[in-house]
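Inspection log for the structure reproduced underneath, given as structure tokens.
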Amino acid sequence: MKLNKSDPQIAKLIEKEKERQETCLEMIPSENHSSPAVREALGSILTDKYAEGYPGKRYYAGLEFYDKIEILCQERAKKLFGVPFVNVQPYSGSPANQAVYFAVCQPGDTIMGMSLPHGGHLTHGWKVNFSAKFYNSAQYGVDEKSGLIDFEKMEQLAKEAKPKIIFCGATAYPRIFEWEKFAKIAESVGAYLVADIAHIAGLVVSGVHPSPVSFADVVTTTTHKTLRGPRGAMIMATEKGLKKDPELPQKINKAIFPGLQGGPHENNIAAIAVCLKEASSPSFKKYGKQIIKNSKALAEELLVRGFNLVTGGTDNHLILIDLRNKKISGKEAQIRLEKAGITVNKNTIPFDPNPPFEPSGIRLGTPAITTRGMKEKEMKIIAEWIDKVIVDEKSISKVRQEIKKFCRKFPLP
Ligand SMILES: *Cc1c(COP(=O)(O)O)cnc(C)c1O
């Protein structure tokens, strides 16, 4: 039975959300619009079966085709990222990171990651997260003046703390990650280096951000951000990682199952396979390049309009605006922009004098609007709208109408 017959309430709400997505500009940098092919695999009958274990070594029967799907997904990931090992079963990015700690650390071991208010992720050792509750967390950050990662301080901290594992990668860092610098520090203290490329995986495979594969021991990523697949994640071990610890694949596999998870979501894994095929195409490379062009164009247009950008600009898909000179909080800016049809999120800026629920910044990114086909020309128009709404609350309803009309030219995939 069709959903609108069997459950009209949910069907209606999905329809409403579709309309919202169609008529608004999605500018949260961790979000995107997946392809119909990805969604078809995701919504398939593959959601029905249990597949605990790994291809060829399952705890349930009837998995002939599930095995083929998972192997195909693994092969595509290994080829695309250039790694000898991958686990495609993590339910999402956070459990993937959790599994990496579980694979190589004991509770109470020291771990190291970038602090959340400086752009790191919760799972990189932030105090409210399991990663700081089960492990002893040392946190590095950025330089107050430049907004760039402070490698000198980080090295000092690593020498004192002697972490077993160092996480690098972020959720709100607008610049290129200098993997070789992280690798040097990790090597000097004998730590495993984990590059978490959740946000930038799509940029890495398009060649517009350096790959961490020859520098890190382990690479984790989500599949739903710039990679543009379904919600999910992968854990990869690199050649370098296998040299350091030949047991890494077994340790990672065991950490995911039976360590942390039960049956994998094979509908997700099939959809990840579809997304990896899409990400291997020339048009995906073009999309990756355009994300950066758009992000740089948007940053330029915002700078011209007197906005302060953390680090002064961007090299990747995201921009962090420090709104203090505009006399508006991140929260208020988020609310106004949402009313106008531009979805962004409030965000702390490094060394934020204001509390996290009323931070001084907003974070915005170009992946989803690039997927819809917008280019530099459109970034100028969007910057103008952002400026109008932030400077003058009364402009919201007019901007809302303009955005609705504008969005018709850029259909969702
Ligand atoms: C998004 C993100 C994650 C977590 O992913 P979830 O799927 O939300 O659990 C982990 N690390 C980084 C750097 C991220 O940006």
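Not measured: the values here are computed from a predicted model. Each ligand, and each atom within it, is numbered from 1 in the order the structure gives.
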Which pairs pass ring-ring contact (aromatic ring centres under 6.0 Å, His included) with one or both residues in residues 358-382, sequence neighbours excluded?
none
Ile362 pairs by side chain to side chain contact (heavy atoms under 4.5 Å, CB included) with which of Ile319, Asp322, Leu337?
Leu337
Pairwise side-chain contact, His124 with Asp196, heavy-atom cut-off 4.5 Å (strictly under)
yes
I'd like the contact residues of ligand 1, where contact means a heavy atom below 4.0 Å.
Ser92, Gly93, Ser94, Asn97, His121, Ala170, Thr171, Asp196, Ala198, His199, Thr222, His224, Lys225
Taking the six-membered ring for Trp, are Tyr140 and Phe151 ring centroids under 6.0 Å apart?
no
With side chains defined as the heavy atoms from C-beta onward, is the minimum distance between Phe81 and Met234 less than 4.5 Å?
yes
Given Leu320 and Tyr173, is the side-chain contact (heavy atoms from CB on, under 4.5 Å) satisfied, shown in steps?
CA-CA 8 Å; Leu320 198 54; Tyr173 190 67; over 6 Å; no
